[in-house]
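Take a look at the structure set out below.
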Amino acid sequence: MKKVTLVLQDGTTFEGKSFGYEHQTVGEVVFNTAMMGYPESLTDPSYAGQMMVLTYPLVGNYGVPPFTIEPDGIPTFMESERIHAAAIIVSDYSAEYSHWNACESLADWLKREKVPGVTGIDTRQLTKVLREHGVMMGRLEFAETDEAQKSHEPYKSYEDINWVERVSCKDVMRYNEGAGRKVVLVDCGVKNNIIRCLVKRNVEVIRVPWNYDYTSMDFDGLFLANGPGDPDRCSEAVDIIRKQMDMSRKPICGICMGNQLLAKAGGATIYKLKYGHRSHNQPVREVGTNRCYVTSQNHGYAVDASTLGREWRELFVNMNDGSNEGIRHQTNPWFSSQFHPEACSGPVDTEFMFDRFIEAL
């Protein structure tokens with residue numbers, strides 16, 4: 001294994017060894033405290049432009065499932081068509097794997113998709129640095145790399161790139177055509193399991209690009225998907241949501257980035273969390289009740305609930321830090337969650353959010 005150094009933007013360095021594709025990489029360094037689910041997380045478009053640090057020490061022991069495609073064009077086990085994370089950083093990579101559904105090792109998959117993997121780094125100490133300083137840009141530098149190939153450019157800001165534009169579909173796509181009711185899905189970087197959850201409830205899904213004007217289309221409900229990066233970069237999407245809300249009371253549901261875009265359309269502002277929520281065990285409470293749920297999350301931004309318009313209220317709050325986890329309109333069937341009800345991978349306690357949306361159609 002070739003030696004590799006993670007150089008953080010503040011100058012902090014961590015030494016490790018490569019087990020993936022060997023290529024100098026720059027990205028925002030974030031940590032995830034989930035104990036499993038690396039195939040789903042790596043293929044989650046919300047990780048675009050980010051180096052994913054896994055705090056759980058054993059990674060790779062159950063390998064990688066086959067990249068099979070269902071008749072509807074959706075991969076069976078993955079959350080998108082490829083790995084979107086810029087790199088994966090772990091404490092202890094397991095080269096040998098054992099699982100009934102595994103067809104290759106994590107290392108082989110990373111190399112095939114040209115994504116770096118680093119092992120042997122003290123991810124607990126790295127997480128402490130990120131918690132104290134906040135997420136920051138980082139660079140992977142490989143030993144024995146030709147000096148001419150090394151980049152010494154200043155770190156580019158993660159916020160300067162419209163990551164949603166990079167991962168969104170480019171054309172309109174349809175799933176479960178011919179079903180009775182139609183749902184427009186705004187693809188900001190949608191996870192496949194959101195589509196699966198909608199199709200399972202027997203609706204036709206019309207997937208459109210993030211800035212597509214769907215307001216003149218024939219549909220019964222609007223679904224705003226998750227996605228990477230700064231929601232303030234998606235003003236075109238927000239303008240179209242506002243246009244739709246001015247025209248119709250049709251149900252609207254949002255997840256993750258969708259929560260933030262719906263909140264912006266409702267007058268709220270967004271702020272960046274110090275180190276974000278990325279795990280399978282984030283506790284949230286439904287406002288006005290004592291019901292708490294364990295949720296899967298992956299986001300670095302949050303809604304400032306105090307800036308919501310007077311017709312909006314919080315729907316969920318995070319029990320760890322009090323940040324917003326969802327909003328609802330007081331009279332119209334418009335609501336959202338910051339967490340992932342489809343939870344792939346993760347707990348499925350909140351999949352009822354899809355049922356609420358379908359009932360509102």
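Only this structure's heavy atoms are used, side chains among them; waters, hydrogens and symmetry mates stay out.
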**Asked** Going by side-chain heavy atoms closer than 4.5 Å, which hydrophobic residues are tied to L58, directly or by a chain of links?
**Response**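 Members other than L58 - counting any ILVMFWY side chain reachable under 4.5 Å - are M35, Y56.
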
**Request:** Show which residues join V287 in its hydrophobic cluster (side-chain heavy-atom contacts under 4.5 Å, direct or indirect), or state none.
**Result:**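 Members alongside V287: V317.
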
Considering all heavy atoms, the nearest [X]-[Y] contact:
{"X": "L140", "Y": "A87", "result": "CD1-CB, 3.8 Å"}
{"X": "V26", "Y": "A86", "result": "O-CB, 4.4 Å"}
{"X": "I270", "Y": "P231", "result": "CG2-CG, 3.6 Å"}

No-hydrogen, no-angle side-chain donor-acceptor test under 3.5 Å, [X] and [Y]:
{"X": "T295", "Y": "H340", "answer": "no"}
{"X": "S41", "Y": "D44", "answer": "no"}
{"X": "T123", "Y": "T55", "answer": "no"}
{"X": "Q330", "Y": "E311", "answer": "no"}

**Message:** Is the distance between the ring centroids of Y271 and Y301 under 6.0 Å?
**Reply:**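 Ring-ring flag for Y301/Y271: false, centres at least 6.0 Å apart.
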
**Message:** Under 6.0 Å between ring centres: does that hold for Y93 and F19?
**Reply:**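 Yes.
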
For the side chain of [X] and the backbone of [Y], is there at least one donor-acceptor N/O pair under 3.5 Å apart?
{"X": "R207", "Y": "C169", "value": "no"}
{"X": "T25", "Y": "H23", "value": "yes"}
{"X": "W163", "Y": "Y158", "value": "yes"}
{"X": "D220", "Y": "K182", "value": "yes"}
{"X": "Y38", "Y": "G63", "value": "yes"}
{"X": "S296", "Y": "G346", "value": "no"}
{"X": "E113", "Y": "I83", "value": "yes"}
{"X": "T307", "Y": "T269", "value": "yes"}

Assess whether a salt bridge exists between [X] and [Y], defined as any Lys/Arg side-chain N lying under 4.0 Å from an Asp/Glu carboxylate O.
{"X": "K264", "Y": "D232", "result": "yes"}
{"X": "E40", "Y": "K191", "result": "no"}
{"X": "R242", "Y": "D239", "result": "yes"}

**Asked** According to the salt bridge (charged side-chain N to carboxylate O under 4.0 Å, His left out) rule, which pairs have a member within residues 62-82, sequence neighbours left out?
**Response**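 For residues 62-82, and leaving out neighbouring residues, the salt bridge (charged side-chain N to carboxylate O under 4.0 Å, His left out) pairs sorted by first residue read E79-R196.
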
**Item:** salt bridge (charged side-chain N to carboxylate O under 4.0 Å, His left out): pairs with one or both residues in residues 164-178, sequence neighbours excluded
**Value:**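 Sorted pair list: R174-E204.
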
**Request:** Give a yes or no on whether L222 and I206 share a hydrophobic cluster (residues Ile, Leu, Val, Met, Phe, Trp, Tyr; joining criterion: side-chain heavy atoms under 4.5 Å apart).
**Result:**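 L222 and I206: one cluster.
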
**Asked** Step by step, would you call H329 with T331 a side-chain hydrogen bond (donor to acceptor under 3.5 Å, both in side chains)?
**Response** CA-CA 6 Å; H329 194 272; T331 56; 3.3 Å; yes

**Request:** Run the numbers on F357 and F352 for ring-ring contact (aromatic ring centres under 6.0 Å, His included), then give the verdict.
**Result:** CA-CA 9 Å; F357 175 63; F352 62 81; over 10 Å; no

**Those residues that, when tested against K200, pass side chain to side chain contact (heavy atoms under 4.5 Å, CB included) (two or more places apart)** =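 K200 satisfies side chain to side chain contact (heavy atoms under 4.5 Å, CB included) with E351 once adjacent residues are dropped.
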
**Item:** Partner residues of N318 under the side-chain hydrogen bond (donor to acceptor under 3.5 Å, both in side chains) criterion, sequence neighbours left out
**Value:**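 Counting only residues at least two positions away or on another chain, N318 forms a side-chain hydrogen bond (donor to acceptor under 3.5 Å, both in side chains) with Q282, E325.
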
